[in-house]
Amino acid sequence: MSDVFDNVMDLAKRRGFVWPTTECYGSVAGFIDYGPLGTLVKRRIEDLWRQFYVISEGYYEIECPTIGQEAMYIASGHVKGFSDKMCQCPACNEYLRADHVAEAHNIPNAATLSCEALAEKICTLPCPACNEVLGTVEVFTFNLMFQTTIGPGSQRKGYLRPETAQGIFVDFGRLLRFYRDKLPFGTVQIGRSYRNEISPRQGMIRLREFTQAEAEIFVHPDMKDHPNFSRYADYAFPLLSSEQQLRGLEAKTYTMKEAVAAGVIANEYVAYYLALTHELLVTIGVMPSRLRFRQHLPDERAHYAEDCWDAEIFSERFGWVETVGIADRTDYDLKAHAEQSGDSFTAYIQFDEPRREKRRVINANMGVLGPKYRGKAKAISDALQEVTPGPDGATVIVDGEEIFVPADLYEVKEEEVDVRGVDVRPHVIEPSYGIDRMIYAVLEHSYFEEEVEGEIRKVMRFPSRIAPVQVAIFPLMARDGLDIMAKEIARTLQLQGILAEYDDSGAIGRRYRRQDEIGTPFAVTVDYDSLEDQTVTLRDRDSMKQVRIPKDQLADLIPALIRGKSSFSSLI
RNA sequence: GCAUCGAUGGUCUAGAGGUAUGACUUUGGCCUUCCAAGCCAAUAGCUCGGGUUCGAAUCCCGAUCGGUGCACCA
């Protein structure tokens, strides 16, 4: 049975969009090559993404290493949480999630048990695949991160990053200073991430090496109103909220303003990026009718996330595919890195007006305290600041030891101070895009077959900003100077940064069809009239209509058409 | 990973033990004044590794990749 997926992937391979990697040695599941045209499409989509996030939003892009040291991924939770406890059934060789087996038989918190403890618990249970009692099995952890070593001698563990986000989080301090100590600010990264999927399938939908475009937007935890919310306040599209899902209902269309007011979306920031994502996906060629935003159900959401939505794109083959995740991750990540690293990961936010606050200060009498407690004196003095002293003295805990400090060894003062600001740990709003999935969706949604005079015409209806080849230049015949004029036109456009492809091989109709199949939006043909009156025909891919225009207008017209500043229909 | 089905030029395909058929595409030539026209020629293939056999695309075993179901999918 051949469906759109087969047709699209066949075209993708033949025409150089995407193909399996290292075919001569046998491909490896989960890895793909982008061919010449696919690489162009990918770059164009990434650049459009930058247009939205870097240029429009002002969230500058950074690049971090794809290999990260262990500490970073201990903090992020990937070393622990990104691994599954697995075992292999001795009877049928099936790999099983050991914690799932246990939980299915009402053993609580199975995921938190050690491997040995878990092995003990499940030895009496039946294998869910073959029903044989598992008996003595070894439970092992399978971590989805690719592991490597840094430097010779294997001293330091390194991991290939499973997401680009952590690189941004750990740079928080420097980024904050770059943005001159003000919230909110955002930083983005586009790059490869790696996950050693147990069984990747579905073509380019689940890859072991894939490209993510992530934005991390650091906002004040109490100020989740987006400064430019009005831009999308009236932007409307269907939302499949968790409540609708739980009640078994369909998606409902809201404006962003309504959705925030009704509490469907947690805050303006999340709503703003849902809308921006909708606009971006439609701009790159995703059909609005096959795009929906689904809210994570309470049990599906990461425990720290305040709200989380997926942009899902409908594929004829795969159904609804999660392509973009938009989450309010709260301060989870920054807090985790603060605890692991000892750095503060906070921003000092000044108040508009200094606030006069009463503060109690405890001044230790170091002249007495020092000789009495010796090495511990400094720690005791610090600890005193944190406790409420009793009438006779204060009890502090230093290195686990309880020490009673008599009241005559310190002086308690109430003083009024100007408090000019406060350290806050920002919350993170994270839109995270799977670029490869977006590209697949665009390929599938752009693919059309139509009958033209008894022949099937295959055409990729890419938006012109995404199309790999932007214009094709043909001489009607490759002689009589037509070819020379066509090459000159191609050259002129190329010097403007337009990818113009010259082609003089075969009948003109065949050349049009070739360009249709790779989605080239426009074709310019030089004919015998061109030599007389310096006009050429401009042909539109989608309507196949032609219009005659002066050759000298091409240099302005073609870029305008490709950037959507002008439309072909306005020329007719 | 388990089960199952499949894999022949770039694409589709014939081929059931004797060195691979045809079409499309591509390239070159002829022809051709706007949507895959025609003619001539050329390029190009049995997924990989073992085994059986004088001889394997074909039979057997294994691997790889792909489809489907299950499992997995922070």
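Because only heavy atoms are used, hydrogens play no part in the values below, and waters and symmetry mates are left out as well, while side chains stay in. Residue numbers start from 1 in every chain, and the chains themselves are labelled A, B, ... in the order their sequence lines are given, proteins ahead of strands.
Aromatic pair A:Tyr159/A:Tyr194: ring centres not closer than 6.0 Å. In this structure, A:Tyr433 has its ring center under 6.0 Å from that of A:Tyr53. Centroid-to-centroid, the aromatic rings of A:Phe293 and A:Trp309 stay 6.0 Å apart or farther.
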Working for side chain to side chain contact (heavy atoms under 4.5 Å, CB included), residues A:Asn267 and A:Glu306:
CA-CA 10 Å; A:Asn267 55 59; A:Glu306 195 166 293; 4.2 Å; yes
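The pair A:Asp503-A:Arg510 does not count as a salt bridge, with every side-chain nitrogen at least 4.0 angstrom from each carboxylate oxygen. Here A:Arg208 does not pair with A:Glu197 in a salt bridge; the nearest charged N to carboxylate O distance is not below 4.0 Å. The pair A:Glu517-A:Arg513 does not count as a salt bridge, with every side-chain nitrogen at least 4.0 angstrom from each carboxylate oxygen. Salt-bridge check for A:Lys545 with A:Asp540: failed, with every basic side-chain N at 4.0 Å or more from each acidic carboxylate O.
B:G10 and B:C46 have their C1' atoms separated by 15 Å, given to the nearest Å. Rounded to whole Å, the C1' atom of B:U43 lies 15 Å from the corresponding atom of B:G29. Separation of the C1' atoms belonging to B:A71 and B:U21 is 43 Å when rounded to the nearest angstrom. As rounded to the nearest Å, B:U13 and B:A57 have C1' atoms that lie 14 Å from one another.
Put simply, the residue from A:Glu216, A:Glu63, A:Arg161, A:Glu214 that forms a side-chain hydrogen bond (donor to acceptor under 3.5 Å, both in side chains) with A:Gln189 is A:Arg161.
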Distances for protein N/O vs nucleotides 6-13 of chain B N/O pairs under 3.5 angstrom?
none

Per-nt protein contacts along nucleotides 33-45 of chain B (heavy atom under 4.0 Å; B base, S backbone sugar-phosphate only, - none) come out as BBBBS--------
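Less than 4.0 Å separates RNA chain B from at least one heavy atom of each of the following residues of residues 206-219 of chain A: A:Arg206.
Within the 4.0 Å cut-off from OP1 or OP2 of B:U27, at least one side-chain nitrogen or oxygen of A:Ser505 is found.
Heavy-atom contacts from other residues, nucleotides or ligands closer than 6.0 Å to NZ of A:Lys335 number 12 or fewer.
A side-chain donor from one of A:Arg294 and A:Gln245 sits under 3.5 Å from a side-chain acceptor of the other.
Comparing A:Asp503 and A:Pro20 by the nucleotide of RNA chain B that holds the closest heavy atom to each, the one mapping nearer the 5' end is A:Asp503.
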